[in-house]
Novice: 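Structure in C-alpha cells, see below.
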Amino acid sequence: MAAIAAVELYARSGAISRLDLIPVSQMASRAVELLGDRDFVIDALLRSMLLICVSFVASAATGVLVAYLMSRSWWVHRAFKPYVNVFYALPIFALYPVMVVMFGTGVVPIILLAILFSVVIVISNSLVGFEATPTIAKKLAKSLEMSQSQQFQKILLPSALPDILAGLKLGLAYTIIAVLATEFILATTGLGQVVNRAYNNFNTVDMYAGILFVSAFALLANLALSAALSSFDWRRR
C-alpha cells in the first residue's frame, strides 16, 4: 500500500510527465471502464486467461508424468535429461516462427510455447521429489507387493508432493509470462497485445490499465493456486 501511495503522489506531483507515468487511481479508473467493454473482456481478458489456464494444466500434467517416468526408468531418464538441461538455455520464443509455419497464427503456437517454457521447471522440481523418496519406502512397497499404481499413489506421490507443488507454483508464473509475452510480441489479440498496441500508440492510460490487469491476474492466480495446493502439502498440515 505504501508503494502504491508513493506512485500516486509522485505521478500527481508533476515531477514526471503523464506520458511516462499516471496516477494509480487513473489506472484503476480506466481498468474499471475497460471491464464494461465487451470486446476487451472477451477478445483480450478472457482469451488470455483461458490460454494461461489451458497451458498451465497441460504443462503441469505433462511435467509430473515425464518426471515420474524419468524416476522409474533409467532409459527414459537418460533420454530426457539432456533435453531438460538444454531447454534452460534455449530462447523458447525463437521457436515461434517454426510454430507459425507448422500450426498457423492462432492460439496453438502460443499454447505450445507456454507449455515448453513452463514444463521444464515442473519436470525438474517433480523429478527432485520423486528421486528423494527414501529407499526404505520403496523396499517396503515391494515387500507388500504393491502394484505400480499403488506405489505411485501411496508412496511416491505423497513423498514428492512438496517439490511438485513448488514446481507447479513456478510453472504458473512461467506460463503467465510466456502467454502474455508472446501476445505482446507476436499476437494480434489478447491482453498482451492490448498493452503493446497502447504502448505503440502512446496511449499511456490504456497501457497502464492493461499492466494493472496483468499484475492483478498474476497476483490472484498465484494466491488461488497457493490456497488450493496448500491443503495437499503434508508439511503444512
Novice: Using modelled atom types only, decide if a donor and an acceptor are shared between the side chain of Gln193 and the backbone of Glu183 within a distance under 3.5 Å.
Specialist: yes
Novice: Indicate the atoms forming the closest heavy-atom contact of Leu225 with Lys169, along with that distance.
Specialist: CD2-CA, 4.0 Å
Novice: Taking all heavy atoms of Ser126 and all of Val64, pick out the closest pair and write down the distance.
Specialist: OG-CG2, 3.9 Å
Novice: Counting neighbours of CH2 on Trp75 that are heavy atoms of other residues, nucleotides or ligands and sit closer than 6.0 Å, is the number greater than 12?
Specialist: no
Novice: Go through the steps to decide whether Asp206 and Val194 satisfy the test side chain to side chain contact (heavy atoms under 4.5 Å, CB included), and finish with yes or no.
Specialist: CA-CA 8 Å; Asp206 280 3; Val194 169; 5.7 Å; no
Novice: Assess the pair Tyr208 and Phe213: is the distance between their ring centroids shorter than 6.0 Å?
Specialist: no
Novice: How far apart are the closest heavy atoms of Ser48 and Leu191, and which atoms are they?
Specialist: OG-N, 2.8 Å
Novice: Could I get the full list of ring pair (Phe, Tyr, Trp, His ring centres under 6.0 Å) partners for Tyr68, not counting sequence neighbours?
Specialist: Phe130, Phe152
Novice: Looking at every non-hydrogen atom in both residues, tell me the closest pair between Asn125 and Ala166 and how far apart they are.
Specialist: OD1-CB, 4.1 Å
Novice: Measure from the side-chain N and O atoms of Ser29 to the backbone N and O of Ser25, and report whether any donor-acceptor pair falls under 3.5 Å.
Specialist: no
Novice: If you compare all heavy atoms of Met27 against all heavy atoms of Ile22, which two are closest, and at what distance to 0.1 Å?
Specialist: CE-O, 3.2 Å
Novice: Any donor-acceptor pair under 3.5 Å linking the side chain of Ser73 with the backbone of Leu69?
Specialist: no
Novice: In Å and rounded to the nearest 0.5 Å, what is the OG to CD1 distance from Ser118 to Ile123?
Specialist: 9.5 Å
Novice: Taking Asn222 for the side chain and Ala218 for the main chain, is one N or O donor matched with an acceptor at less than 3.5 Å?
Specialist: no
Novice: Rounded to the nearest 0.5 Å, what separates atom CG in Leu212 from atom CD in Gln26?
Specialist: 12.0 Å
Novice: Treating Ser55 as the side-chain partner and Ala114 as the backbone partner, does any N or O pair qualify as donor plus acceptor under 3.5 Å?
Specialist: no
Novice: Less than 4.5 Å apart, any side-chain heavy atom of Met207 and any of Arg30?
Specialist: no
Novice: Taking ring pair (Phe, Tyr, Trp, His ring centres under 6.0 Å) as the test, write out the residues that go with Phe217, two or more places apart.
Specialist: none
Novice: State yes or no: do Ile42 and Val54 share one hydrophobic cluster built from I, L, V, M, F, W and Y residues joined by side-chain heavy-atom distances below 4.5 Å, directly or via other members?
Specialist: no
Novice: Nearest 0.5 angstrom please: Tyr199 OH to Phe184 CZ, how far?
Specialist: 7.0 Å
Novice: Leu172 pairs by side chain to side chain contact (heavy atoms under 4.5 Å, CB included) with which of Leu170, Leu168, Ile176?
Specialist: Ile176
Novice: If you define the side chain from C-beta out and look only at heavy atoms, does anything of His77 sit under 4.5 Å from Leu127?
Specialist: yes
Novice: To the nearest 0.5 Å, what is the distance between CZ (Arg78) and CE (Met70)?
Specialist: 13.0 Å
Novice: Please say yes or no: joined through hydrophobic side-chain contacts below 4.5 Å, possibly via intermediate residues, are Val57 and Val66 part of one cluster?
Specialist: no
Novice: State yes or no: do Ile164 and Phe80 share one hydrophobic cluster built from I, L, V, M, F, W and Y residues joined by side-chain heavy-atom distances below 4.5 Å, directly or via other members?
Specialist: yes
Novice: Between the main-chain N or O of Gly192 and the side-chain N or O of Asn196, is there a donor-acceptor pair closer than 3.5 Å?
Specialist: no
Novice: Could you pull out the closest heavy-atom pair between Leu34 and Val41, with the gap in Å?
Specialist: O-CG2, 3.9 Å
Novice: Using 0.5 Å steps for rounding, measure from the CG atom of Leu180 to the CG atom of Leu51.
Specialist: 9.5 Å
Novice: According to a hydrophobic-cluster definition based on side-chain heavy atoms being under 4.5 Å apart (Ile, Leu, Val, Met, Phe, Trp, Tyr only), do Leu50 and Val195 belong together?
Specialist: yes
Novice: Counting distance only, does the side-chain N/O of Asn203 pair as donor-acceptor with the main-chain N or O of Ala198 below 3.5 Å?
Specialist: no
Novice: Can you find a pair of side-chain heavy atoms, one from Ser59 and one from Thr175, that are under 4.5 Å apart?
Specialist: yes
Novice: Report yes or no: do Leu65 and Phe117 belong to one cluster of Ile/Leu/Val/Met/Phe/Trp/Tyr joined by side chain heavy-atom distances under 4.5 Å?
Specialist: yes
